[in-house]
Amino acid sequence: MMETSLTGMKRTHMCGELRLADAGQTVTVNGWVDRVRDNGGVLFLLVRDRAGVIQCTFDKSVNADLFNIAFTCRTEFVVAVRGTLAARDEAAVNKKMPTGEVELIAGEIRILSKAETTPFEIDDTKEVGDQVRLKYRYLDLRRPSMQKNMMLRHRVTQVARNYFDENGFLEIETPMLTKSTPEGARDYLVPSRVHPGKFYALPQSPQQYKQLLMLSGVDRYMQITRCFRDEDLRADRQPEFTQIDLEMSFVEQDDVIAVNEGFLARVFKDVLDVDIQLPLPRLTWREAMDRFGSDKPDTRFGFEIRDISDIAASCEFGVFKGAVEAGGTVRLININGYADKFPRKEIDKLADFVKTYRAKGLAWMKLAADGSMTSSFAKFLTEDEVSAIKERADMHENDVLFVVADASEETALVSLGALRCELAKRLGLAKKDDYKLLWVTEFPQFEYSEEEDRLVAKHHPFTAPMDEDIALLETEPQKVRAKAYDIILNGCELGGGSIRIHDSELQTRMFRALGFTEEKAKEQFGHLITAFSYGAPPHGGLAYGLDRLCMLLAGLDSIRDVIAFPKVQNASDLMMSCPDTVDEKQLDELSIAVTRMEKTEE
RNA sequence: GGCCCGGUAGCUCAGUUGGUUAGAGCGCUAGCCUGUCACGCUAGAGGCCGUGGGUUCAAGUCCCAUCCGGGUCGCCA
């Protein structure tokens, strides 16, 4: 029976931390065999742990028995190696390895665990599909890049805990089993055994609890907590995700922003050694939409949107004129300096791109470097009108304009906003290590829901309206702006928050504006309304998407890469094979009958 | 729910107009090699071409359905 106990072979150092300064020491390492290089008489085992890789050297002529044990090692065997750390000969130094100046001259090896051949190589240089990676996530996580991501995430959460602690925040846990909320995303439901037919909901966010904590006099709260939303997934959206959630009492918007700018600066400094200039720029929601066609503008590049509705209104081109007459707008972006990158064929394909955002089409005008002009619409306009557009767009040689005319202002703005981001990405102007943070403020309080044919809260029903707009609540609710703010990084919504309503009377008016009857408001939010009647401090807060923050800090494109065990697009876990069916007995105990089963085909 | 892309060896992929025995690199197995470091050399094993149906003399290739993975619109207070 081979000895596989660790006794007597516990590590003295992490593999990846060994350096020239340690040479001469007797060193024991524990880790996985990263690679076996058998040169006949001399054999190298690369042993890997979280910190990195160290070369262990076995010489047949020095110790044949030892060599023969090492010879049986395969990739991913778990081993303990003891020996003398030696400086490598100058010619043998591997400059590509942090430990490349030293090697461990093995005097003893113990195989702690053998390993089957892994389904894919534990190696950052080889691409592996998500399907295989996630089925064997524990192997995927062995890859140095994934270990780096997990360590980065740890760093971010530590910075958050330390920073908010230093600023007087208490970390308090709120329940995972809570009440289903009618507004917002679909809830994940948890059946109650004790209360047949009744369900808990997993929290979409700890929103109500943290506000109640303010009523409790906690003053400043923070929590790093899981949130659940049963909606479709995206590269930056998982059904369970983590928020850095915080709330403060006796504050106004600027106070919340100030404390969070401090946090962001700290994170960027500690994690990336990047200095963030404070205060961060701010844009109102209206300005963000008008200039960037997005409530999460990417300001790493220009190509800002301009309005030519006034010129279009009086022209004879039906598409432009018609859009304005229908109450819409005509807007454009100038991809200045890149007209040569857009041959006719490419431009035609871009029309399909904007159509996914409901635009009807894409008009364009190109001024080549030699001064020759081509356009899909100029022939319908007068010379003066063309000149006016060129002037409005600040158009010069090698510029290309893209124009969207639409009866819906939102459609025109959003489709051009998406186009400017897409083109910047293709032109390589959206650099990952260029960090553009900004606040978007003054969000609309309400938005129209086609599905429900009524106004719904854009943020949530506890968001305070701006003081100067309160009077409009009953008269022109669609014009009411909220004390809500989002923090945006490189076109990605990192987090958002608001100042909350702390006044019962105003909250009542808000529920009324949202179309809640008094009974319905009491039924859904009675506990809050009651709580607020006992003395509520002015308060507000913010919540960050921790996964997105980590993704952007790590320069990645998917939050899956900073989540240890993520779900795939259909919200299942390929490793655990869940969700899954359960025993009839379990269902029976919960008083649940399944009426429809998923079609499964193996 | 809609649209787009993909599924071929353990992994990453190629596979022409439908036409002999479906290939490559990596990995794996065995042998050789005393300083490699993406070690090298030699040999070998390894395929339900996602699944089901259809068209055809003939399907990895064309058609339909379906499952799986990715992106995205809707959705995400």
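Since this is a predicted model, take the numbers as computed values, not measurements. Each chain gets a letter, A, B and so on, in the order the sequences are listed, and its residues count up from 1.
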> Could you give the CG-to-P distance, from L46(A) to rA38(B), as a whole number of Å?
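Value for this atom pair: 10 Å.
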> Run the salt bridge (charged side-chain N to carboxylate O under 4.0 Å, His left out) test on R137(A) and D140(A) for me, step by step, so that the C-alpha distance in whole Å, both residues' side-chain angles and the decisive distance to 0.1 Å come before the verdict.
CA-CA 5 Å; R137(A) 186 58 155 182; D140(A) 189 42; 2.6 Å; yes
> Nearest to the R88(A) side chain among rG74(B), rU36(B), rU34(B), which nucleotide is it?
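Nucleotide nearest to R88(A)'s side chain: rU36(B).
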> Any residue in residues 509-531 of chain A with a heavy atom nearer than 4.0 angstrom to RNA chain B? Just list them by number, or reply none.
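When residues 509-531 of chain A is checked for heavy atoms under 4.0 Å from RNA chain B, there are no hits whatsoever.
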> Whether D557(A) and K432(A) form a salt bridge (side-chain N of Lys/Arg under 4.0 Å from carboxylate O of Asp/Glu) is what I want to check.
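Looking at K432(A) and D557(A), the cut-off is met.
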> Kindly write out the residues that satisfy side-chain hydrogen bond (donor to acceptor under 3.5 Å, both in side chains) with T75(A), not counting sequence neighbours, or none if the list is empty.
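Checked T75(A) against side-chain hydrogen bond (donor to acceptor under 3.5 Å, both in side chains); zero matches.
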> Please list, chain by chain and in numerical order, all residues satisfying ring pair (Phe, Tyr, Trp, His ring centres under 6.0 Å) with F292(A), sequence neighbours excluded.
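Result, ring pair (Phe, Tyr, Trp, His ring centres under 6.0 Å) vs F292(A): none returned.
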> Determine, stepwise, if the pair K360(A) / D406(A) fulfils salt bridge (charged side-chain N to carboxylate O under 4.0 Å, His left out).
CA-CA 7 Å; K360(A) 309 280 187 306; D406(A) 205 279; 3.4 Å; yes
> Apply the test salt bridge (charged side-chain N to carboxylate O under 4.0 Å, His left out) to residues R142(A) and E121(A): give CA-CA distance (whole Å), side-chain angles for both, the deciding distance (0.1 Å), then the verdict.
CA-CA 10 Å; R142(A) 285 185 192 172; E121(A) 295 155 65; over 6 Å; no
> Within the 3.5 Å criterion, strictly below it, is a donor on R286(A) or T284(A) matched to an acceptor on the partner's side chain?
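The criterion, which ignores hydrogens and geometry beyond distance, is not satisfied for T284(A) and R286(A).
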> For RNA chain B, which residues in residues 55-66 of chain A have a heavy atom at a distance below 4.0 Å?
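Contacting residues: Q55(A), D59(A), S61(A).
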> Can you check the distance between rC41(B) and rC4(B), where both ends of the measurement are the C1' atom (answer in whole Å)?
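Their C1' atoms lie roughly 47 Å apart.
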> Please state the C1' separation for the pair rG19(B) and rU29(B) - nearest whole angstrom.
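Their C1' atoms lie roughly 36 Å apart.
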> Ion pair present between R358(A) and E410(A), side-chain N to carboxylate O less than 4.0 angstrom?
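Between E410(A) and R358(A) there is no salt bridge, as every charged N stays at least 4.0 Å from the carboxylate O atoms.
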> Could you check S558(A) against I105(A) and say which one's nearest nucleotide on RNA chain B is further toward the 5' end?
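Closest to the 5' end, via its nearest nucleotide, is I105(A).
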> Can you tell me which residue among D547(A), V568(A), L233(A) is in a side-chain contact (heavy atoms from CB on, under 4.5 Å) with Q238(A)?
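Running side-chain contact (heavy atoms from CB on, under 4.5 Å) over D547(A), V568(A), L233(A) with Q238(A) returns exactly one hit, L233(A).
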> Does the aromatic ring of F44(A) sit over the six-membered base ring of rU36(B), closer than 5.5 Å centre to centre and tilted less than 30°?
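Ring-base stacking flag set for F44(A) and rU36(B).
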> Base, sugar-phosphate or nothing for N39(A)? Non-hydrogen atoms, less than 4.0 Å.
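Here N39(A) touches the bases of the nucleic acid.
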> Identify whether any heavy atom of A185(A) sits under 4.0 Å from a base atom; if not, whether one sits that close to sugar-phosphate; answer base, sugar-phosphate or nothing.
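Contact class for A185(A): sugar-phosphate only.
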> So that I can tick it off, tell me whether R35(A) and D123(A) are bridged by a salt bridge, with the cut-off set at under 4.0 angstrom between side-chain N and carboxylate O.
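Salt bridge present between D123(A) and R35(A).
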> Just compare rG69(B), rC76(B), rU72(B) and give me whichever is closest to any side-chain atom of R234(A).
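Within the option list, the nearest is rU72(B).
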> If we take the P atom in both rU66(B) and rA9(B), what is their distance in whole Å?
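Those two atoms are separated by 25 Å.
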> Could you pull out all residues at least two apart from D130(A) that satisfy salt bridge (charged side-chain N to carboxylate O under 4.0 Å, His left out)?
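Applying salt bridge (charged side-chain N to carboxylate O under 4.0 Å, His left out) to D130(A) gives R133(A), R560(A).
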> Assuming nearest nucleotide by heavy-atom distance, tell me which of V128(A) and R358(A) is located more 5' along RNA chain B.
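Result of the comparison: V128(A).
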> With both distances under 3.5 angstrom, what nucleotide forms a Watson-Crick or G-U wobble pair with rG25(B)?
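Its partner is rC11(B).
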> I'd like to know if D89(A) reaches the base of rG35(B) with its side chain, counting only an N/O donor and acceptor under 3.5 Å.
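A donor-acceptor contact between them is absent.
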> Hunt down the Watson-Crick or G-U wobble partner of rC41(B), both distances under 3.5 Å, from any strand shown, or write none.
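Base-paired to rG31(B).
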> Kindly say whether, by distance alone, the side chain of E103(A) makes a donor-acceptor pair under 3.5 Å with the base of rG35(B)?
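Under the 3.5 Å cut-off, the side chain and the base do form a donor-acceptor pair.
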> Under 4.0 Å between a side-chain nitrogen and a carboxylate oxygen: does that hold for D352(A) and K349(A)?
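Not counted as a salt bridge, because no side-chain N and carboxylate O are separated by less than 4.0 Å.
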> What residue pairs, at least two apart or across chains, pass side-chain hydrogen bond (donor to acceptor under 3.5 Å, both in side chains) with a residue in residues 487-502 of chain A?
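Those involving residues 487-502 of chain A are E247(A)-R500(A), H460(A)-R500(A), T463(A)-S498(A), S498(A)-R500(A).
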> What residues in residues 560-578 of chain A put a non-hydrogen atom under 4.0 Å from any atom of RNA chain B?
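Contacts with RNA chain B under 4.0 Å: R560(A), V568(A), Q569(A), N570(A), S572(A), L574(A).
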> For rU20(B) versus rG52(B), give the span between their P atoms, rounded off to a whole number of Å.
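Rounded to whole Å, the distance is 23 Å.
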> Just by protein heavy atoms under 4.0 Å, how would nucleotides 26-32 of chain B read 5' to 3' in B, S and -?
BSSSS--
> Applying the Watson-Crick and G-U wobble criteria at under 3.5 Å, what pairs with rC3(B)? Answer none if nothing qualifies.
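Result: rG71(B).
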> For rC75(B), does the base pair up with any side-chain atom of R229(A) as donor and acceptor (N or O, under 3.5 Å, distance only)?
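There is none.
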> Kindly point out which of rG69(B), rU12(B), rG35(B) is positioned nearest to the side chain of D130(A)?
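Side chain of D130(A) sits closest to rG69(B).
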> Between K96(A) and rA38(B), is there a contact of a side-chain N or O with OP1 or OP2 at under 4.0 Å?
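K96(A) to rA38(B) OP1/OP2: side-chain N or O found under 4.0 Å.
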> Both distances under 3.5 Å, Watson-Crick or G-U wobble: report the partner of rC62(B), or none.
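Here rC62(B) is engaged in a pair, and the nucleotide opposite it is rG54(B).
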> What pairs of residues pass the side-chain hydrogen bond (donor to acceptor under 3.5 Å, both in side chains) test when at least one of them lies in residues 517-527 of chain A, not counting sequence neighbours?
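Pairs touching residues 517-527 of chain A that pass the test: Q208(A)-H527(A).
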> For S408(A), enumerate each residue passing the side-chain hydrogen bond (donor to acceptor under 3.5 Å, both in side chains) test, keeping only those at least two apart in sequence or located in another chain.
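For S408(A), the residues satisfying side-chain hydrogen bond (donor to acceptor under 3.5 Å, both in side chains) (neighbours in sequence not counted) are T411(A).
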> With sequence neighbours excluded, what pairs up with R509(A) under the side-chain hydrogen bond (donor to acceptor under 3.5 Å, both in side chains) test?
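R509(A) satisfies side-chain hydrogen bond (donor to acceptor under 3.5 Å, both in side chains) with E474(A) once adjacent residues are dropped.
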> Could you measure between the two C1' atoms, the one in rC63(B) and the one in rA59(B), and give it in whole Å?
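So the two C1' atoms sit 11 Å from each other.
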> Any donor-acceptor pair under 3.5 Å joining the side chain of R37(A) to the base of rC33(B)?
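Side chain to base: no pair below 3.5 Å.
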> Categorize Q207(A) for me: base, sugar-phosphate, or nothing, with a 4.0 angstrom heavy-atom threshold over every strand shown.
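Touches a base.
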> Could you pull out every donor-acceptor pair under 3.5 Å between side chains of residues 56-69 of chain A and any protein atom, sequence neighbours left out?
from	atom 1	to	atom 2	distance (Å)
T57(A)	OG1	E103(A)	OE1	2.6
D59(A)	OD1	S61(A)	N	2.9
D59(A)	OD1	S61(A)	OG	2.7
N63(A)	OD1	D65(A)	N	3.3
N63(A)	OD1	L66(A)	N	3.1
N68(A)	ND2	A64(A)	O	3.1

> Expressed in angstrom and rounded to an integer, what is the separation of R137(A) atom CZ from rG69(B) atom P?
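The distance from CZ of R137(A) to P of rG69(B) comes to 15 Å, rounded to the nearest Å.
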> Looking only at atom C1', what distance separates rU12(B) and rG7(B), rounded to whole Å?
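These two C1' atoms come out 13 Å apart once rounded.
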> If we take the P atom in both rA43(B) and rG25(B), what is their distance in whole Å?
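Comparing P positions in rA43(B) and rG25(B) gives a spacing of 12 Å.
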> For the C1' atoms, the ones on rC28(B) and on rG10(B), what distance do you get once it is rounded to whole angstrom?
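Between the two C1' atoms, the distance is 8 Å.
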> Which listed nucleotide (rC76(B), rC37(B), rU72(B)) is nearest to the side chain of A235(A)?
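Shortest atom-to-atom distance from the side chain points to rU72(B).
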